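These notes are about the structure you will find just below.
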Amino acid sequence: MISIKQLSKSFGNLTVLRDVDLDVERGETAVVIGRSGSGKSVLLKHILGLIHPDSGHVYIDGQSIEQMTRRELDQVRIRSGVLFQGGALFDSMTLLENVGLGLAENTRKSRQEIDDIATERLQWVGLKDAIDKFPSEVSGGMRKRAALARAIAMDPDIVLYDEPTTGLDPVTAEGINDLIVHLRERLEVTAIAVTHDMNSAFKIGDRIAMLYEGRIVFNGTADDARSSDDPVLQQFIKGDTEGPLEII
Amino acid sequence: MGFVQTIGRWVLNLVLDIGRLGIMCGRLLSAVLRIPRSLKLIINQMLTMGVQSLPLVLLTSAFTGAVSAWQGAYQFQNYVPMRYLGTAVGKAVVIELAPVLTALVVAGRVGASIAAELGTMRVTEQIDALEVMGIDPVRYLVMPRVVSGLIMMPMLVMFANVIAILGALVIAVTLVNLSSETFLNGVRMFFSFSDLYTGLTKATVFGLIISLIGSFQGFNASGGAEGVGRATTRAVVTSSVLILISNFLLATIQFRL
């Protein structure tokens, strides 16, 4: 479904991704873990063409993102959803309008139909009572949940999660993890999440890949990750200060 | 070597910016086809850019007209009959003062606001969010602002023309001791519609500059709150400089033909 081949990206003299390979099967949730600044979000942004690679390709259903026309890329994007790290909700719109925007712009549904769908999605994430609030009027956790509702408003085949639990308290973070698992089962989406929260990674991921110094240094199941003897992976999972990863 | 590097980097950035602006203009032209679907967005922008700027524009125009009447009266005394005061003020206001000063005020108010708004949207990933929803941000964010700028600037300048001449009339009557009839006859005496068209053409060009540069700078902002601040400053400075340069070019075309 999603196939990343030999992807490399540098910003000036800083090489962020080096020949990254990653395949995600239909219906699977892959979690990319790595330290802050390791290039996880950059990798995610390549998948829907928000950043162009220096070399390598991202294939969606066998078609290279780089070789798509604007219209083809928009079609891929319309059947995808993205949960951005900070939510990226539109400040000037209510939560209901935020969730309904994609439907209003990309479909011929009536206002009533759009509002009904947006209300339902907000209900899924427990925000039915906040539909008329603006993003500035709700908490960080609620913003993240509203952003999740927006990401799934168009019944996407693919969902990308950028640090879904970062900045949230443990209870709210667990709520978001539950929602992601629930949505995977309900919508059968193919998903890639990037995170450095190992609780979240083990909970939502079918598979875990670790990005370190621009390369994928581990790619396997959660059990494989736990039993791996890779010192970098083990130090990262356990959060030890001693080991090959230095405190930055 | 450092100096050469600085110049080289500046030229390179300038070429990059021109290229990016060209790409944005291309996307803008293709977005124009979708104006009917964006009418609500355009009307919202017209309210923000036009109606909300009106009080400031009127205030500026009233004082501009008043001071131009003073200036004219001062220069005319003992040399030119005061009945021509209205003519001088009217021409100066319609051709130069109203379009240019309105544009500079709007660049400070609206151009800065466009750059800050879009810049904040850029650094908080809201523009990326539009892209991944399959919504062209140039069509959704830039086109309504540019269309609104093209329509509202000439309207603001029409209001500015009227208020500036009224401001001048008040000074002429109260402080220069000219009758209102004499002043207004002076305004009418050599009034030419081509002067009005010139002023309104300038206003349209200035409206394009303000909205396009504000959008461009906001769209390409990076680096958090500091980056948004830089984009806002660049939007106002670049727009103001381009307004003055294009005003000179348009005046050259007008006065040579």
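Everything numeric in this text was worked out from a predicted model, so none of it was measured. Proteins come first, then strands; the chains are lettered A, B, ... in the order of their sequence lines, and each starts at number 1.
- Considering only heavy-atom pairs separated by less than 4.5 Å from chain B, the leading option among Arg77(A), Arg150(A), Met154(A) is Arg77(A).
- Annotation: maximal heavy-atom pairing with chain B below 4.5 Å, among Leu160(A), Leu73(A), Asp91(A), occurs at Asp91(A).
- Proximity to chain B involves both the backbone and the side chain of Leu101(A), based on heavy atoms less than 4.5 angstrom apart.
- Taking a 6.0 Å sphere around CZ of Phe134(A), one finds it holds more than 12 heavy atoms contributed by other residues, nucleotides or ligands.
- Ranked by heavy-atom pairs shorter than 4.5 Å toward chain A, the options Thr124(B), Asp128(B), Ile135(B) are led by Asp128(B).
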- Give the intermediate values and the outcome of salt bridge (charged side-chain N to carboxylate O under 4.0 Å, His left out) for residues Asp54(A) and Lys9(A). CA-CA 5 Å; Asp54(A) 295 339; Lys9(A) 180 71 183 177; 3.7 Å; yes

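- No side-chain heavy atom of Gln52(B) sits less than 4.5 Å from a side-chain heavy atom of Ser113(B).
- At a cut-off of 3.5 Å, with distance as the only test, a side-chain donor of Ser41(A) or Asp162(A) sits close to an acceptor on the other residue.
- Summarising the local packing, CZ of Arg111(A) is surrounded by more than 12 heavy atoms from other residues, nucleotides or ligands at distances under 6.0 Å.
- Residues Pro53(A) and Glu66(A) approach most closely at CD-OE2, 3.2 Å, considering heavy atoms.
- For the options Met121(B), Glu117(B), Arg37(B), heavy-atom pairs under 4.5 Å to chain A are most numerous at Arg37(B).
- Of the atoms belonging to Arg79(A), not a single heavy atom falls under 4.5 Å from chain B.
- Using a 4.5 Å cut-off between heavy atoms, Leu130(B) touches chain A through backbone and side chain atoms alike.
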